[in-house]
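Sequence lines set the chain letters: A, B, ... in the order given, protein chains first and strands last, and positions in each chain run from 1. This structure is a prediction, so every number in the text was calculated from the model and none was measured.
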Amino acid sequence: QKEVEQDPGPLSVPEGAIVSLNCTYSNSAFQYFMWYRQYSRKGPELLMYTYSSGNKEDGRFTAQVDKSSKYISLFIRDSQPSDSATYLCAMSSNTGFQKLVFGTGTRLLVSP
Amino acid sequence: DVKVTQSSRYLVKRTGEKVFLECVQDMDHENMFWYRQDPGLGLRLIYFSYDVKMKEKGDIPEGYSVSREKKERFSLILESASTNQTSMYLCASCGPNTEAFFGQGTRLTVV
């Protein structure tokens with residue numbers, strides 16, 4: 001079993017929909033949780049970063065962590081075609097970036 | 001505008017060749033990383049460096065080596081390229097916090 005599981009998709013939604021992207025994990029020591037967005041033929045870019053449990057909101061994006069269920073989510077409101085990308089979750093038990101464990105990514109397609 | 005620059009976007013090399021992938025960052029970051037990204041496997045850490053001339057093995061170092069002679073430059077070396085090293089290679093750098101910046105990636109094909 002992988003340490004971090006993420007549905008590869010693709011997830012296809014119409015413009016304006018609310019999107020929910022999810023990851024589950026097995027290591028209860030994970031405390032730092034991140035979401036990266038990767039456009040086709042580009043490197044990943046950091047989208048959201050949360051520590052421990054709870055919610056964090058940034059514009060149309062909300063990151064949610066449920067440590068009791070070992071489950072994290074990224075919600076995108078009013079999705080746009082420009083949101084079409086692969087979304088990678090990543091998590092770590094400490095602040096060292098080399099300790100990050102990545103999910104395999106979910107490909108999101110938002111149609112106009 | 002912060003930048004991590006990888007020297008090549010696409011490379012095609014022959015089996016057995018020695019291959020150099022170069023990465024340069026302009027943010028004065030101490031930490032630099034090399035990952036490979038494969039479908040269904042996600043990002044896997046090959047090597048990282050936390051200082052000049054320092055290096056640590058990641059999860060899949062076999063068949064690779066690295067060099068960090070200057071703070072801004074981190075090179076990945078495939079000593080003798082093999083077809084199973086065909087992949088997307090991503091360089092990243094980060095400072096004291098965990099925010100990291102990635103390069104554009106190098107898509108390497110070994111034939």
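Heavy atoms closer than 4.5 Å to chain A are found in the side chain of Gln37(B), but not in its backbone. Interface remark: Gln38(A) contributes side-chain atoms only to the contact with chain B (heavy atom separation under 4.5 Å). For a residue to count as touching a neighbouring chain, one of its non-hydrogen atoms must lie under 4.5 Å from one of that chain's; by this rule Tyr50(B) does not touch chain A. Contact of Leu43(B) with chain A is made through backbone and side chain together, with heavy-atom distances under 4.5 Å. With a 4.5 Å cut-off on non-hydrogen atoms, Tyr47(B) does not touch chain A at all.
To the nearest 0.5 Å, atom CG of residue Leu100(A) and atom SG of residue Cys94(B) are 8.5 Å apart. How far OH of Tyr35(B) is from CZ of Phe102(A): 4.5 Å, rounded to the nearest 0.5 Å. The distance from the CD atom of Glu45(A) to the CZ atom of Phe101(B) is 10.0 Å, given to the nearest 0.5 Å.
Phe33(A) is connected to Leu47(A) through a chain of hydrophobic side-chain contacts under 4.5 Å among Ile, Leu, Val, Met, Phe, Trp and Tyr, so both are in one cluster. Placement of Met32(B) and Ile77(B) in two distinct hydrophobic clusters is found when ILVMFWY residues are connected by side-chain heavy-atom separations under 4.5 Å, directly or transitively. Following chains of ILVMFWY side-chain contacts shorter than 4.5 Å, one cannot reach Leu88(A) starting from Leu21(A), and the two form parts of different hydrophobic clusters. Residue Trp34(B) is grouped with residue Val19(B) when hydrophobic side chains (ILVMFWY) are merged at heavy-atom distances under 4.5 angstrom, including chains of intermediate members. Under a hydrophobic-cluster definition in which Ile, Leu, Val, Met, Phe, Trp and Tyr are linked whenever side-chain heavy atoms come within less than 4.5 Å, directly or via other members, Val4(A) and Phe33(B) are assigned to different clusters.
Environment of NZ in Lys67(A): crowded, with over 12 heavy atoms of neighbouring residues, nucleotides or ligands closer than 6.0 Å. Other residues, nucleotides and ligands contribute only 12 or fewer heavy atoms inside 6.0 Å of the CZ atom of Arg107(A).
In this structure, Arg9(B) contributes its side chain and Arg41(A) its backbone to a donor-acceptor pair below 3.5 Å.
Across every non-hydrogen atom of Leu90(B) and Pro44(A), the tightest pair is CD1-CD, 3.9 Å.
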request  = With side-chain contact (heavy atoms from CB on, under 4.5 Å) as the test, would you mind laying out the steps for Thr104(A) and Leu41(B) before giving the verdict?
outcome  = CA-CA 6 Å; Thr104(A) 52; Leu41(B) 297 176; 5.6 Å; no
